[in-house]
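Let me begin by presenting the structure, written as structure tokens, before commenting on it.
Computation of the quantities below employed the complete heavy-atom set of this structure, encompassing side-chain atoms and omitting hydrogens, waters and symmetry-equivalent molecules. All values derive from a computational prediction rather than experimental measurement.
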Amino acid sequence: MTDSPRRAPVTRAGATPAGRRRLRRALAAAAVDLFVAKGYEATTVDEIAAAAGVGRRTFFRYFDAKDDVLFANHDEIVAEMEETFAGADPEREPVEMACAAVSLVLESYAAELDVSLKRFTLTRTVPSLRDKEVATVDRYQRVLARYLRARFAEQGDETASLRADVAAAAIAAANNHVLRRWLRSGGQDDITASAAEAFALVIDAFRVERTTAGETTVVAVMTTATPLHAVIAKVNAALNEK
């Protein structure tokens with residue numbers, strides 16, 4: 001009697017990291033389509049799961065509630081940002097590095113144009129989804145602030161905590177400005193060019209001028225009518241005091 005050929009084992013959906021990412025995104029895409037077609041409140045978790053080809057229990061293995069599904073890749077982006085910071089060049093300007101990391105958010109939206117545009121429409125019309133979006137932005141901002149706080153402290157900045165919070169807020173604001181401008185254009189705006197322009201403003205605003213060891217910066221305040229000899233005398237006096 002001939003043995004029947006063995007079948008290759010079937011990999012269950014979501015059994016691998018890549019499979020889990022695909023399933024999360026499939027659930028997100030199904031949810032967005034249903035929210036737009038039927039309305040957010042009228043759509044059930046069972047309908048979302050069925051549209052993605054899975055069961056209700058599978059849905060709840062990935063999301064706690066249906067409002068979570070709209071931001072399915074949020075945890076992935078946060079993890080990627082933290083990995084970026086962990087491997088960051090310590091010689092690179094901290095704010096410049098933070099802007100590069102938050103660009104992952106823009107890249108994620110640009111990679112899924114259809115979902116991004118529908119999500120934008122939903123967050124403008126459904127208050128609970130708008131609140132969820134605000135919470136995701138807050139989490140990105142806290143990741144940025146944590147990284148900047150550590151870097152500023154390493155540089156000996158006595159205002160590291162305050163400066164980090166302000167810089168993180170500015171980076172998040174720049175990111176949100178670029179993202180909303182791109183979404184309002186229907187994805188037609190040059191998101192890369194807009195991001196470069198916005199982040200350059202933030203980087204310039206928080207750039208720290210470095211001085212060579214042993215050098216001291218002297219600031220002399222006087223009116224434009226001060227004679228040249230008085231300017232020289234005042235600067236020399238200030239230098240001699242150091």
Side-chain angles (χ1 to χ4, degrees), residues 17 20-36 39-41 43 45 48 52 59-86 88 95 97-149 164-187 189 191-192 194-195 198-199 202:
R20 286 191 287 275
R21 283 194 295 273
R22 284 194 297 270
L23 187 48
R24 285 174 67 89
R25 288 171 183 173
L27 285 164
V32 167
D33 286 341
L34 285 167
F35 291 162
V36 171
Y40 173 73
E41 296 296 342
T43 301
V45 167
I48 296 170
F59 177 93
F60 284 112
R61 279 203 292 268
Y62 288 86
F63 304 103
D64 292 331
K66 70 177 183 179
D67 61 348
D68 290 329
V69 74
L70 200 62
F71 303 94
N73 59 348
H74 172 64
D75 289 339
E76 294 174 21
I77 296 172
V78 169
E80 288 179 20
M81 288 175 64
E82 291 175 333
E83 287 175 11
T84 298
F85 289 143
V95 175
M97 187 67 245
C99 288
V102 84
S103 293
L104 292 168
V105 178
L106 300 177
E107 292 171 8
S108 173
Y109 273 75
E112 298 181 303
L113 176 60
D114 184 59
V115 171
S116 296
L117 292 177
K118 290 175 180 176
R119 178 168 49 203
F120 181 55
T121 298
L122 289 165
T123 54
R124 287 188 298 170
T125 56
V126 182
S128 62
L129 295 180
R130 173 58 183 160
D131 292 343
K132 190 72 178 180
E133 182 183 46
V134 170
T136 64
V137 172
D138 180 67
R139 189 174 174 193
Y140 294 139
Q141 188 170 321
R142 282 185 278 118
V143 172
L144 293 169
R146 186 163 57 247
Y147 165 76
L148 291 170
R149 193 174 298 114
D165 287 344
V166 174
I171 295 168
N175 179 77
N176 292 341
H177 172 82
V178 171
L179 183 56
R180 290 197 182 98
R181 176 176 168 178
W182 177 76
L183 289 167
R184 289 191 186 103
S185 76
D189 188 52
I191 195 170
T192 301
S194 295
F199 291 142
V202 179

**OP:** Return the minimal non-hydrogen interatomic distance between Ala30 and Ile48, and the atom names on each side.
**Re:** CB-O, 3.9 Å
Original post:
Is the backbone N or O of Glu80 less than 3.5 Å from a side-chain atom of Thr84, with the two atoms forming a donor-acceptor pair by type?
Top reply: yes
**OP:** With the side chain counted from C-beta on, respond yes when Val102 and Phe199 share a heavy-atom pair under 4.5 Å apart, and no when they do not.
**Re:** yes
Subject >> Set of side chain to side chain contact (heavy atoms under 4.5 Å, CB included) partners for Arg22, sequence neighbours left out >> reply: Ala18
Original post:
Can you tell me if Asn176 uses its side chain to pair, donor with acceptor, with the backbone of Ala172 under 3.5 Å?
Top reply: yes
**OP:** Assess whether side chain to side chain contact (heavy atoms under 4.5 Å, CB included) is satisfied between Tyr109 and Val105, documenting all intermediate values.
**Re:** CA-CA 6 Å; Tyr109 273 75; Val105 178; 3.9 Å; yes
**OP:** For the pair Thr136 and Ile77, evaluate side chain to side chain contact (heavy atoms under 4.5 Å, CB included) and give the outcome as yes or no after the intermediate values.
**Re:** CA-CA 10 Å; Thr136 64; Ile77 296 172; over 6 Å; no
Original post:
Does some side-chain heavy atom of Arg119 sit less than 4.5 Å from a side-chain heavy atom of Glu133?
Top reply: no
**OP:** Heavy atoms only: give me the nearest Phe59-Val45 pair and the separation to one decimal.
**Re:** CD2-CG1, 3.4 Å
**OP:** In plain terms, say whether Arg139 and Asp75 are close enough for a salt bridge, that is, a side-chain N and a carboxylate O under 4.0 Å apart.
**Re:** yes
Subject >> Nearest-0.5 Å distance that lies between atom CG in Leu179 and atom OG in Ser116 >> reply: 7.5 Å
Subject >> Working for side chain to side chain contact (heavy atoms under 4.5 Å, CB included), residues Tyr62 and Val69 >> reply: CA-CA 8 Å; Tyr62 288 86; Val69 74; over 6 Å; no
Subject >> By ring-ring contact (aromatic ring centres under 6.0 Å, His included) - contacts of Tyr140 (at least two apart) >> reply: His74
**OP:** Taking the six-membered ring of Tyr40 (Phe, Tyr or Trp), confirm whether the NZ or CZ of Lys66 is under 6.0 Å from its centre and within 45° of its axis.
**Re:** yes
**OP:** List the steps and the verdict of side chain to side chain contact (heavy atoms under 4.5 Å, CB included) for Thr121 and Val36.
**Re:** CA-CA 8 Å; Thr121 298; Val36 171; 5.8 Å; no
**OP:** Working to the nearest 0.5 Å, report the span between OG of Ser103 and CG of Asn175.
**Re:** 7.5 Å
Original post:
Can you name the closest pair of heavy atoms from Leu117 and Leu183 and give their distance?
Top reply: CD2-O, 3.7 Å
Original post:
Do Ser128 and Asp67 have a side chain donor and acceptor closer than 3.5 Å?
Top reply: no
Subject >> From CH2 (Trp182) to CG (Asp189), nearest 0.5 Å >> reply: 9.5 Å
Subject >> Leu27 CG to Arg61 CZ distance, which is reported to the nearest 0.5 Å >> reply: 10.5 Å
Original post:
Between atom CG of Leu129 and atom CG of Leu122, what is the distance when rounded to the nearest 0.5 Å?
Top reply: 6.0 Å
Subject >> Nearest heavy atoms of Arg149 and Ala164, plus distance in Å >> reply: N-CB, 3.4 Å
Subject >> Closest approach of Gly186 to Leu113 (non-hydrogen atoms, all atoms of both residues) >> reply: O-CD1, 4.1 Å
**OP:** Report yes if the side chains of Met97 and Tyr147 come closer than 4.5 Å at any heavy-atom pair, otherwise no.
**Re:** yes
Original post:
Does a side-chain heavy-atom distance below 4.5 Å link Glu112 with Asn73?
Top reply: yes
Original post:
So how far is it from Asp165 CG to Gln141 CD, rounded to the nearest 0.5 Å?
Top reply: 8.0 Å
Subject >> Minimum heavy-atom distance Leu70-Val32, with the two atoms named >> reply: CD1-CG2, 3.3 Å
